[in-house]
S.K.: 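Quick one: the structure is below, questions incoming.
Sequence lines set the chain letters: A, B, ... in the order given, protein chains first and strands last, and positions in each chain run from 1.
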Amino acid sequence: MLDLKLIREQPTQVQELLNRRDSEGYDIQPILDLDRQQREIETKRSKLSAKGNEIGKTVGQKIRTGSDPKGAEIAALKEEGNNIKAQLAELEPQEKELKAHIENLLLQLPNLPNESTPIGKDETENVEIRRWGDEYISQDKKVLPHWEIGEQLGILEFKRAVKIAQSRFVNLVGAGAALERALINFMLDKQIEAGYTEIMPPVLVNTQSLTATGQLPKFAEESFKCDEDDLWLTPTAEVPLTNLYRGEILEASQLPIHHCAYTPCFRREAGSYGKDTRGLIRLHQFNKVELVKLVHPDNSEAEHQALVQNAEAILQALKLPYRVIELCTGDLGFGAAKCYDLEVWLPTSNTYREISSCSNFHDFQARRGDIRFKEAGKKGTKYLHTLNGSGLAIGRTMAAILENYQLPNGTVEIPEVLQPYIKREVL
RNA sequence: GGAGAGAUGGCCGAGUGGUCGAAGGCGCAGCACUGGAAAUGCUGUAACGGGGUAACUCGUUCGAGGGUUCGAAUCCCUCUCUCUCCGCCA
């Protein structure tokens with residue numbers, strides 16, 4: 001959520017930054033108008049309230065010092081008090097409604113892109129920052145797509161998963177399941193070593209949690225909902241991890257907080273019909289190790305760079321070729337101010353595919369989730385900055401391994417760092 | 001699912017109609033003591049919104065929403081959540 005005060009005080013700059021995302025998608029004018037109305041009413045209302053409080057106090061004093069509670073003097077004051085109450089009864093609902101309306105509009109506005117975020121209209125204008133691991137790109141043209149090799153090896157089973165659930169689900173079988181577990185453990189171990197504290201959170205989350213991280217209210221159709229209970233299947237561990245501290249005021253000395261978590265993730269993938277229909281790339285349920293940071297605003301840029309490196313370290317350890325791109329303003333996620341994607345090389349599609357997305361949200365989520373900190377000795381509180389990144393998406397990592405580590409004889413080599421986990425060298 | 005208890009400041013916790021934005025403690029900050037520190041003593045310390053360059057000032061907030069009253073943390077109603085016991089169960 002954007003700071004209403006910032007919108008009020010620097011409307012031109014705010015509008016300009018929003019236009020960088022989409023030149024006509026967002027208009028802050030209605031918010032400015034409502035805000036002005038709201039403040040006018042607030043001024044009126046609080047003056048009236050002050051008068052009413054004054055009368056209340058006077059009545060109390062008079063009665064205590066001997067006035068007749070049923071006398072004319074008290075009756076007159078009560079009359080005036082009732083009068084004010086009647087006026088307030090008109091103003092208060094108006095103010096409340098305006099506030100709710102403003103809040104509602106604010107919740108629909110995306111974050112402002114960082115000044116440094118490259119300007120562009122869509123993913124074609126994202127900027128490649130660096131590549132790693134070209135030397136590991138195989139020149140072999142006969143590589144099979146990962147779903148074919150997975151089915152051949154009997155480790156991926158799509159048809160029966162469809163029977164159990166529906167399309168876009170998979171069964172991992174035997175060594176496939178073992179490889180998935182190995183990847184989860186390897187990634188967690190690596191991130192714990194890098195200083196993240198592991199959490200195993202609930203994967204059902206409530207509406208408030210999804211609102212804080214920005215999936216709601218705008219993207220309700222993207223998540224699975226349990227209607228009876230105000231619970232949703234989490235689309236990413238970003239949600240439970242970021243919400244760990246929702247509504248709390250932390251001490252500055254507690255920051256930074258670094259958490260990692262493995263969870264299954266659930267996405268409806270509404271509107272992606274026909275895209276990536278085969279394989280592990282786009283499933284309704286997938287596993288992911290997620291990294292989340294809550295940091296002091298002064299450090300968020302450095303923390304962001306470090307986060308990207310923590311994610312990259314996994315790909316490097318697995319010797320999977322990848323590139324880092326920075327998303328342009330037109331491709332930036334709703335809550336992100338700045339975002340780097342890691343894209344892993346998939347030889348059969350002859351392209352790089354997203355395997356991690358590392359975003360800095362600045363105070364956007366913290367404001368929605370009311371996550372603040374206070375500095376010892378200083379008055380007041382501040383919103384902290386939140387960041388998150390995949391470290392990494394497990395299914396896509398599995399796909400990348402199956403394709404990049406294929407041997408001519410149809411088997412797949414296990415990356416060296418995983419061998420201790422899975423206790424074999426070849427699939 | 002049945003019965004009961006509870007939700008108060010950064011944290012813990014007292015408070016059953018006006019003197020309550022709220023005792024006390026912890027934490028934090030300042031000062032004193034000390035070579036320095038610990039301990040101790042004194043003092044200060046809620047958030048949010050509006051107005052003001054500022055000092056400051058007004059309002060709102062004691063889980064949420066309604067109600068009674070001139071006046072509600074306190075009384076009434078509804079809801080949410082938490083805890084305890086019983087039942088069921090991985």
Side-chain angles (χ1 to χ4, degrees), chain A residues 1-9 31-103 105-106 200 202-212 226-232 240 243-255 257 294 296 363 366-384:
Chain A
M1 189 154 66
L2 298 185
D3 183 3
L4 180 58
K5 228 184 245 173
L6 181 74
I7 296 178
R8 185 190 299 150
E9 284 164 8
I31 294 177
L32 290 168
D33 293 341
L34 290 166
D35 176 53
R36 195 172 19 76
Q37 287 176 44
Q38 190 277 121
R39 279 183 299 146
E40 267 168 33
I41 290 182
E42 176 165 352
T43 304
K44 250 192 245 173
R45 194 222 72 226
S46 77
K47 273 185 192 151
L48 260 178
S49 283
K51 216 193 267 175
N53 290 343
E54 194 56 44
I55 289 168
K57 246 178 229 168
T58 311
V59 172
Q61 265 164 21
K62 297 241 179 211
I63 292 176
R64 239 174 302 125
T65 55
S67 290
D68 175 9
K70 302 233 162 93
E73 192 188 21
I74 300 294
L77 284 169
K78 286 190 178 185
E79 170 68 25
E80 201 185 340
N82 275 326
N83 213 328
I84 287 172
K85 200 157 58 158
Q87 295 180 58
L88 283 175
E90 290 201 14
L91 287 179
E92 274 171 355
Q94 286 177 36
E95 189 185 353
K96 235 183 210 177
E97 202 192 311
L98 283 166
K99 276 193 167 159
H101 196 168
I102 292 167
E103 168 94 2
L105 292 177
L106 283 175
M200 203 172 269
V203 297
L204 295 190
V205 297
N206 58 34
T207 297
Q208 245 191 310
S209 294
L210 279 170
T211 305
C226 312
D227 257 317
E228 315 260 296
D229 293 298
D230 183 34
L231 287 171
W232 308 66
N243 276 280
L244 280 172
Y245 304 96
R246 171 155 51 77
E248 296 191 24
I249 300 176
L250 305 169
E251 299 288 340
S253 60
Q254 289 175 263
L255 304 177
I257 293 171
L294 291 91
H296 192 289
D363 61 4
R367 182 169 277 111
R368 289 173 156 244
D370 195 24
I371 315 173
R372 291 171 286 166
F373 70 97
K374 62 189 301 175
E375 289 179 284
K378 286 193 193 167
K379 247 185 112 61
T381 61
K382 280 188 196 162
Y383 292 109
L384 47 72

S.K.: Compare the minimum distances between each of G49(B), C58(B), G10(B) and the side chain of A50(A), then state the nucleotide with the smallest one.
M.R.: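 Selected nucleotide (nearest to the side chain): C58(B).
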S.K.: Would you indicate which nucleotide in C58(B), U60(B), C70(B) comes nearest to any side-chain atom of S46(A)?
M.R.: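 The closest nucleotide is C58(B).
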S.K.: So what does K62(A) touch, heavy atoms closer than 4.0 Å: a base, only the sugar-phosphate, or nothing?
M.R.: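 Counting heavy atoms under 4.0 Å across all strands, no contact is made by K62(A).
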S.K.: Picking from G65(B), G71(B), G59(B), which would you name as closest to the side chain of K96(A)?
M.R.: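 In terms of side-chain proximity for K96(A), the closest of G65(B), G71(B), G59(B) is G65(B).
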S.K.: When you measure from the side chain of D363(A) to the backbone of Y383(A), do you find a donor-acceptor pair of N or O atoms at a distance under 3.5 Å?
M.R.: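 Side chain of D363(A) to backbone of Y383(A), a donor-acceptor pair under 3.5 Å: no, none is there.
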S.K.: Nearest heavy-atom pair of I84(A) and L48(A): which atoms, and what distance?
M.R.: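 So the two residues come closest at CG2-O, 3.7 Å.
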S.K.: Consider the side chain of N53(A), meaning its heavy atoms from C-beta on, and name the nucleotide among G59(B), A47(B), G50(B) that approaches it most closely.
M.R.: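 It is G59(B).
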S.K.: Evaluate the side-chain proximity of L91(A) to E95(A): yes if any heavy-atom separation is below 4.5 Å, no if none is.
M.R.: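 Answer no - side chains too far apart.
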S.K.: Heavy atoms only, 4.0 Å cut-off, all strands: where does K57(A) land among base, sugar-phosphate and nothing?
M.R.: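 Result for K57(A) = nothing.
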S.K.: Counting only side-chain heavy atoms from C-beta out, which of U60(B), G18(B), G71(B) sits nearest to S49(A)?
M.R.: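 Selected nucleotide: U60(B).
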S.K.: Identify whether any heavy atom of T381(A) sits under 4.0 Å from a base atom; if not, whether one sits that close to sugar-phosphate; answer base, sugar-phosphate or nothing.
M.R.: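 Result for T381(A) = sugar-phosphate.
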S.K.: Is L77(A) touching bases, backbone alone, or none of the nucleic acid, heavy atoms closer than 4.0 Å?
M.R.: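 The answer is nothing, as L77(A) stays clear of every strand by at least 4.0 Å.
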S.K.: So what does G52(A) touch, heavy atoms closer than 4.0 Å: a base, only the sugar-phosphate, or nothing?
M.R.: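 No contact.
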S.K.: With respect to the side chain of I63(A), which nucleotide from G18(B), G59(B), G50(B) is positioned closest?
M.R.: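 Of all the options, the side chain of I63(A) is nearest to G18(B).
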